[in-house]
Amino acid sequence: MKIYVLGMDERSLNMLSFFFQKFCHGQCEISNQEDADVFLINMDGVNADEHLESFNKKFSTYPLITTSIRTLDMDNHYFLRKPMVADHLLTILDDIRNKLSNVETESQPSVAIRIEEEENDSEREKSAGHAGQLLNEQDFIEFVGNKEDVDLTKSDQHEHLFFDMETSFLGIFHRAYLKAKQEKSIIKVTGMWRPITLFPNENKVYVDLTDRQLQAICVVTLKEDQRDEIKTEVIGSQAAISECKHSDNFRDLELFIWKISLWTSRGRLPKGTPIDTPVYLKYWPNFTRLIVTPYALRITAYWLSSPRTIINLVDALAIPQRYVFSLYTACYILSISGVTKRESDTLIFPAKIQQTSRLSFFSRIMSKLYSKEG
Amino acid sequence: MARNDYKIIFTGPVGAGKTTAISSISDSAPIKTDTKASDMAKSRKEQTTVAMDYGVLKLDDGEQIHLYGTPGQERFDFMWDILTSGGIGLVLLVDNTRENPTNDLKFFLNAFKSFIAETSVVVGVTQMDKKNKPQLDDYRIELDKMSLDSTAVFEVDARERKDVSLLVQALLFTLDPNVNGA
């Protein structure tokens, strides 16, 4: 079924297209207006009301799906609550398909699809999947995106390098994470979807959302009123234990924050990251328990030798920028990387690492290890 | 030993998982030289390595990477120097359930100090699912004190090929980040 989408930027459209392809089994696809069977309006977008008004004037005979983070009561239209769940969308499309095939002319019911408490258990996924594994190309797109490199010497292209932490779930969670680590307290984040509870001393997080839902949350741009609704609070251990009842919902905190960093970044840097000031890395991330993005070990080994600028990392390693940017973002959120502040770190340009005489031999060992990964 | 036959050394205290780790990535069934453990080691495991473990990675062009596991008991430490001769790097496994794993770390890093200075070392911490303290940060603090702050420290299940493989990959990238790999 062909869906014409209004009120989403290009990045969101790419993500939606990926969602349709991967999770909706190709049963729908994004189309242009002329070929559309269904319209979809993002009600969280800037011109949502104009799009809706225009639709009602010109295309009211078409089925319309509206989508929002908030629960909206949309008369005569379908409603799909964000973060989108594939089965819910497919249910809507089935209903539309049935109606179209029956050529019914009566008005469509308003179908509010919410994240129900009794969600299908088969959708629950453990977040430990992929940890320690080198991803294949399709898998890693959701973590590092597929943006082409930009010319870093041209400042007018730099705006595409960055994402805004302040308007993302990642920004909110990052602040909660830092607070939890600094105060060594259990922190509960409420006000959006479902509460998330951080247990910093145990390196655990309690979260009742699937990976797919989390990934969808990570790509949403939060408006100010939405951000204002989100609260973080310190809670006592007794309260936390009584609320966090299902052991399946406990996950490794470091892996959790690594994943949401990658899903949010998708090959970009946090806004404000200087690309021409050296950035440091404190130590090797615990890769056996994290998502290993392409070239992650190589970047890490190179980067650890001394603080380097983002530009230097990209140029010296001659690999796509998105891999460096994704890894930097994940390490930054984990508080193991950042911009150098010491004068000595900027005094001398970091030396190029000399190749060993056994480079090709090491490369053959590496190929062997990869082949054994299967 | 042929000039192009290199070796990677696996070391660490008794029960850390050296034999298991070699088994995880070896192309052929590893040769184990173990026997019933003496009193000291018996409380940790029934059998222990008394000479060395041996495994091999066979490369496409016929070259081989020899994987040597040192015996964990200190009375066999005279073998350690012999085994490291010609080695390209050290994989140090420490068992997080032992009484003082950070002391184990320091001991082995000192014992192989010269070899590490010429090559490199990576650290795999095993059994963290059974006992999660010390944490990896505690090992990093000790490595920092020994000026080895760039050493990779990973949580490892020695039975898991991907864990051991990642650890060896980190060793190779530490030796040369220009290595061709993803």
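Chain letters run A, B, ... following the sequence lines, proteins first and then strands; every chain starts at 1.
- Note that CG of B:D157 and CZ of A:R289 are 6.5 Å apart. Values are rounded to the nearest 0.5 Å.
- Of all the heavy atoms in A:F287 and B:L166, the pair that sits closest is O-CD1, 3.9 Å.
- In this structure the side chain of A:Y283 reaches within 4.5 angstrom of the side chain of B:D137, judged on heavy atoms.
- In A:Y323, the OH atom is crowded: over 12 heavy atoms of neighbouring residues, nucleotides or ligands sit closer than 6.0 Å.
- Surrounding NZ of B:K133 are more than 12 heavy atoms belonging to other residues, nucleotides or ligands, all under 6.0 Å away.
- One finds the CG atom of A:L297 at 10.0 Å from the CG atom of B:L167 (value rounded to the nearest 0.5 Å).
- Rounding to the nearest 0.5 Å places CD of B:Q135 at 7.0 Å from CG of A:N203.
- Atoms CH2 and CG, on A:W284 and B:L136 in that order, are 14.0 Å from each other to the nearest 0.5 Å.
- B:K113 NZ: 12 or fewer foreign heavy atoms inside a 6.0 Å radius.
- At least one donor-acceptor pair under 3.5 Å links the side chain of A:N286 to the backbone N or O of B:E155.
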